[in-house]
Visitor: 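The structure's right below; bear with me while I get my questions together.
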Amino acid sequence: MLLTLMILGLAALIGTSESQTGCFGDINKVGTTGASCRTARVEGLRYCGVSASAKIAQRDLRTMNNYKAIIKSAGRKKCVDPAVIAGIISRESHAGKALKGGSGDRGNGFGLMQVDKRYHRLVGRWNSETHLLQGTGILVGMIKGIQRKFPRWTKEQQLKGGISAYNAGLRNVQSYDKMDIGTTGNDYANDVVARAKFYKRNGY
């Protein structure tokens, strides 16, 4: 009986840990240089790096919290850290504030996570959990693609590579140190990771 309880307790701890970090590594262990100066300038900031990413994420926090429940639900269902989803949402759409009628990127991007309608059949409303499940599923596909492409990378390196590929595709990721070259602003993964760390500190 005692052994059974110990096993159940261990399983609960593992489940809790997995729900907090997801199946693809710990975002807090992912190295990042944060937002490029180019991205920071677009956001009206005079400084760059991790602090700039955190400031941008902070600006989006109040609106992001409107979607906190469905972000966490999507993360749980796809085994992806909700903070990572929030980081992508902040970067892609400023939690929807940058969209017009749910669209962005000259009409090609859809929803909070800006799923590209040129490559995907759109599902759900732009701010729905169905949409987040689709976007997060695309991210998972990219992470798994990076796992196959770079099997010797750590889980955290593969996670970061998958985030970069979410923006620019698997082909664009050629090395760990230069994975963001060719992404929007040449800083996509680094900026998203830094924003995700902010959201992690704020309940995601």
Visitor: Please find the pair of heavy atoms, one from Thr183 and one from Ala168, that lie closest to each other, and give the distance.
Guide: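 Where Thr183 meets Ala168 most closely, the heavy atoms are CG2-CB, 3.9 Å.
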Visitor: What's the spacing between Lys144 NZ and Gln158 CD if we round to 0.5 Å?
Guide: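 If I round to the nearest 0.5 Å, the distance is 12.0 Å.
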Visitor: Give me the atom names and distance for the closest heavy-atom approach of Met179 to Ser164.
Guide: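 Between these two residues, the closest heavy atoms are O-OG, 2.9 Å.
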Visitor: Is there a donor-acceptor contact under 3.5 Å from the side chain of Lys155 to the main chain of Cys23?
Guide: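 Yes; at least one donor-acceptor contact below 3.5 Å.
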Visitor: Let me see the working for Glu129 and Lys77 under salt bridge (charged side-chain N to carboxylate O under 4.0 Å, His left out), right down to the final yes or no.
Guide: CA-CA 11 Å; Glu129 183 176 343; Lys77 290 174 181 177; 2.8 Å; yes
Visitor: Quick check for you: to the nearest 0.5 Å, what is the distance between Thr33 atom OG1 and Asp180 atom CG?
Guide: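 Answer rounded to 0.5 Å: 7.0 Å.
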Visitor: Is any side-chain heavy atom of Asn28 closer than 4.5 Å to one of Lys197?
Guide: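 In short, these two side chains touch, coming nearer than 4.5 Å.
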Visitor: Any side-chain heavy-atom pair from Leu61 and Tyr199 closer than 4.5 angstrom?
Guide: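 Result yes, sub-4.5 Å side-chain heavy-atom pair found.
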Visitor: Just checking Arg38: does its CZ atom have more than 12 heavy atoms from other residues, nucleotides or ligands closer to it than 6.0 angstrom?
Guide: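 No, because the 6.0 Å sphere around CZ of Arg38 holds 12 heavy atoms or fewer from other groups.
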Visitor: If you count heavy atoms of other groups shown closer than 6.0 angstrom to CZ of Arg118, is the number above 12?
Guide: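 Atom CZ in Arg118 is packed in, count exceeds 12.
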Visitor: Rounded to the nearest 0.5 Å, how far does CD of Gln58 lie from OG of Ser51?
Guide: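 Here the interatomic distance stands at 11.5 Å.
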Visitor: Please give me the minimum heavy-atom distance between Lys68 and Gly203, naming the atom from each residue.
Guide: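 For Lys68 versus Gly203, the nearest heavy atoms are CE-O, 3.2 Å.
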Visitor: With a 6.0 Å cut-off (strictly less than), is the heavy-atom count around NZ of Lys29, excluding the residue itself, greater than 12?
Guide: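 Counting other residues, nucleotides and ligands, NZ of Lys29 stays at 12 neighbours or fewer.
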Visitor: Run the salt-bridge test on Arg91 and Asp187 with the 4.0 Å N-O cut-off and return the result as yes or no.
Guide: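 Salt bridge present between Arg91 and Asp187.
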Visitor: Whether the side chain of Glu156 engages the backbone of Gly25 through a donor-acceptor N/O pair (distance < 3.5 Å, no angle test) should be reported.
Guide: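 Not confirmed, Glu156 side chain does not pair with Gly25 backbone.
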Visitor: Please name the residue in the list Asp81, Ile89, Ile88 that meets the side-chain contact (heavy atoms from CB on, under 4.5 Å) test with Ile85.
Guide: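 When Asp81, Ile89, Ile88 are each tested with Ile85, the side-chain contact (heavy atoms from CB on, under 4.5 Å) holds only for Ile89.
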Visitor: Start with the C-alpha distance between Leu99 and Trp126, add both sets of side-chain angles, then the distance that settles side chain to side chain contact (heavy atoms under 4.5 Å, CB included), and finish with yes or no.
Guide: CA-CA 10 Å; Leu99 305 181; Trp126 68 270; 3.9 Å; yes
Visitor: Using 0.5 Å steps for rounding, measure from the CH2 atom of Trp153 to the OG atom of Ser175.
Guide: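 Answer rounded to 0.5 Å: 6.5 Å.
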Visitor: Looking at side-chain heavy atoms only, is the closest gap between Phe198 and Ile56 below 4.5 Å?
Guide: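 Heavy-atom side-chain distance check fails, nothing below 4.5 Å.
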Visitor: Under a 4.5 Å side-chain heavy-atom rule over Ile, Leu, Val, Met, Phe, Trp and Tyr, are Val30 and Val140 clustered together?
Guide: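 Yes, Val30 connects to Val140 through the hydrophobic network.
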Visitor: Do Glu92 and Tyr188 have a side chain donor and acceptor closer than 3.5 Å?
Guide: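 There is such a pair between these side chains.
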Visitor: Within the side chain of Tyr166, is there an N or O that forms a donor-acceptor pair under 3.5 Å with the backbone of Met142?
Guide: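 No: the side chain of Tyr166 does not pair with the backbone of Met142.
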Visitor: Examine the side chains of Asp60 and Ser90 and answer whether a donor and an acceptor come within less than 3.5 Å of each other.
Guide: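 Per modelled atom types, Asp60 and Ser90 side chains form a pair under 3.5 Å.
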Visitor: If I compare all heavy atoms of Thr32 with all of Asn190, which pair ends up nearest, and what's the gap?
Guide: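 Where Thr32 meets Asn190 most closely, the heavy atoms are OG1-O, 2.5 Å.
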Visitor: Shortest non-hydrogen contact from Lys149 to Val173?
Guide: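 In terms of heavy atoms, the two residues are closest at NZ-O, 2.7 Å.
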Visitor: Judged by atom type as modelled, is there a donor-acceptor pair below 3.5 Å linking the side chain of Lys160 to the main-chain atoms of Ala189?
Guide: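 Not a single qualifying donor-acceptor pair exists.
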Visitor: With the side chain counted from C-beta on, respond yes when Met64 and Ile71 share a heavy-atom pair under 4.5 Å apart, and no when they do not.
Guide: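 A side-chain contact exists here, since the closest heavy-atom pair is under 4.5 Å.
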Visitor: Any chance you could measure Asn202, atom CG, to Asn65, atom CG, to the nearest 0.5 Å?
Guide: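 Separation between the atoms: 8.0 Å.
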Visitor: Roughly how far, to the nearest 0.5 Å, is CD of Gln157 from CD1 of Ile146?
Guide: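 Answer for the CD1-CD pair, Ile146 versus Gln157, is 11.0 Å.
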Visitor: Which atom names give the shortest non-hydrogen contact between Gly162 and Leu139, and what distance separates them?
Guide: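 Looking at all heavy atoms of both residues, the shortest contact is O-CD1, 3.8 Å.
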Visitor: Please confirm whether the backbone N or O of Gly107 pairs with a side-chain atom of Lys100, one donor and one acceptor, at under 3.5 Å?
Guide: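 No; judged by distance alone, with no hydrogens or angles, the pair does not exist.
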Visitor: Met113 and side-chain contact (heavy atoms from CB on, under 4.5 Å): which partner among Leu133, Ile138, Leu132?
Guide: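 The option that passes is Leu132.
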Visitor: Could you check whether Asn186 and Ser36, counting side-chain N and O atoms only, form a donor-acceptor pair closer than 3.5 Å?
Guide: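 No, because no side-chain N or O of Ser36 sits under 3.5 Å from a partner of the opposite role on Asn186.
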